[in-house]
Amino acid sequence: MTSASQSKIWFSVEIETAREAVEAVEFALLESGALGTDVDMFGANMNAEILTVTGYFDAQIELQPKLDEALKIYGFPREAIRATGWKEVEQLDWLEEWKKNWQPVESGRFIVAPTWSEIPGPSSDKIIIRIEPGMAFGTGTHETTRLCLEAIDKHYSLKKGGSFLDVGTGTAVLAIAAAKMFPEAAIEACDNDAEAVAIARENAELNDAGTIKFYEGSITEETRSFDFICANLTADVIIPLLPLLVGKTREILILSGILAEQRELVVNKLKELGQDKFTIDQMSEWISLTLSKK
Ligand code: SAH
């Protein structure tokens, strides 16, 4: 948070949720641009069937589309949740709480950290990425992002002048990771959400990764091909884009944002496209696929 934004009013939304749908609701809130989420499942709530998930935002927004989408992805009926209205939040309390809760996260050689946190004596082989998320997805803590960061760490070894495309860049966390590894590479990043692109640009500046080329939009027939493409989207977005994602990749394609139970959907589509050289990694219920075309 910048000092300018500390004078702002924050908003929280509380959503009553069946216990098993908590993860889906948190996902929907983060996808909707929540700055953080909270769920009280301890103490008196230890065995409660219905829990309350709180999402914190810097503006009141329409949540239903992302909630519906998340419930569909996770396979819950719409009745699994009940939204209760928005509240204004005592901004300092909320800010302090959020700062305490969002700790730097290490994935591969990367440490993704909020702008205000101190990282005690990071070793010299670590790459630090500072993120100011605003209303964009990508604090570096979500499993889908962590799987991508680990895959970038492991597979991104392009020769000087290689190229990298981040489809659905959010806060730009993945594009920045790529730029930190190879500042001389040609790195592009897109998002179909204009606000995310603006936030992504700011984060790139913050990390001295000013050479990343950002644009509002997605991967299309007109997109040029890239050595390395990373797409942390949801399975329902990835599947129709797969012909383009595979077609535009020269060496390595990372697909993330896929639930373990959606694995066959993506694998079958890749096989339909004649691709069978891929590995799968898993972190809790999320998987990523790394396709090699080399
Ligand atoms: N890359 C970040 C953010 C992933 S969230 C990370 O790994 O943490 C997914 C992002 O993709 C969101 O910002 C969303 O706005 C964007 N998005 C969703 N569908 C898209 C599409 N078809 N093309 C481009 N961006 C898309």
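Read the numbers this way: they start at 1 and go in the same order the structure lists the ligands and their atoms.
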Atoms of ligand 1 less than 4.0 Å from [X] heavy atoms?
X	result
Val173	6 (C), 8 (O)
Gly217	24 (C)
Leu233	11 (O), 17 (N), 18 (C), 19 (N), 20 (C), 26 (C)
Asn232	4 (C), 5 (S), 6 (C), 7 (O), 8 (O), 9 (C)
Val237	19 (N), 22 (N)

Hey, does [X] come in under 3.5 Å of ligand 1, counting only N/O atoms on both sides?
X	result
Asp191	yes
Glu31	no
Gly168	yes
Asp193	no

Residue pair Arg250 / Phe228, side-chain heavy-atom distance below 4.5 Å: no
Non-hydrogen side-chain atoms of Gln64 and Glu62 separated by less than 4.5 Å: yes
Among Leu255, Leu244, Leu233, Leu253, the one residue meeting side chain to side chain contact (heavy atoms under 4.5 Å, CB included) with Val167: Leu233
Part of Leu174 with heavy atoms under 4.0 Å of ligand 1, whether side chain, backbone, both or neither: side chain
Structural part of Thr169 in contact with ligand 1, heavy atom criterion under 4.0 angstrom: backbone
Mutual orientation of the aromatic rings belonging to Phe164 and Tyr156 [parallel < 30°, tilted 30-60°, perpendicular > 60°]: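 Phe164 and Tyr156: tilted rings.
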Salt bridge (Lys or Arg N to Asp or Glu O under 4.0 Å) assessment of Arg78 paired with Asp68: CA-CA 7 Å; Arg78 236 182 150 193; Asp68 288 345; 2.9 Å; yes
Option whose closest heavy atom lies nearest to atom 22 (N) of ligand 1, chosen from Asn192, Ile254, Thr171: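 That would be Asn192.
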Pair Glu14-Thr52, side-chain donor/acceptor within less than 3.5 Å: no
Any donor-acceptor pair under 3.5 Å from Lys66 side chain to Phe27 backbone: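 Here the side-chain-to-backbone pair does not exist.
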Test log, rule side chain to side chain contact (heavy atoms under 4.5 Å, CB included), inputs Trp286 and Leu147: CA-CA 9 Å; Trp286 296 96; Leu147 284 163; 4.1 Å; yes
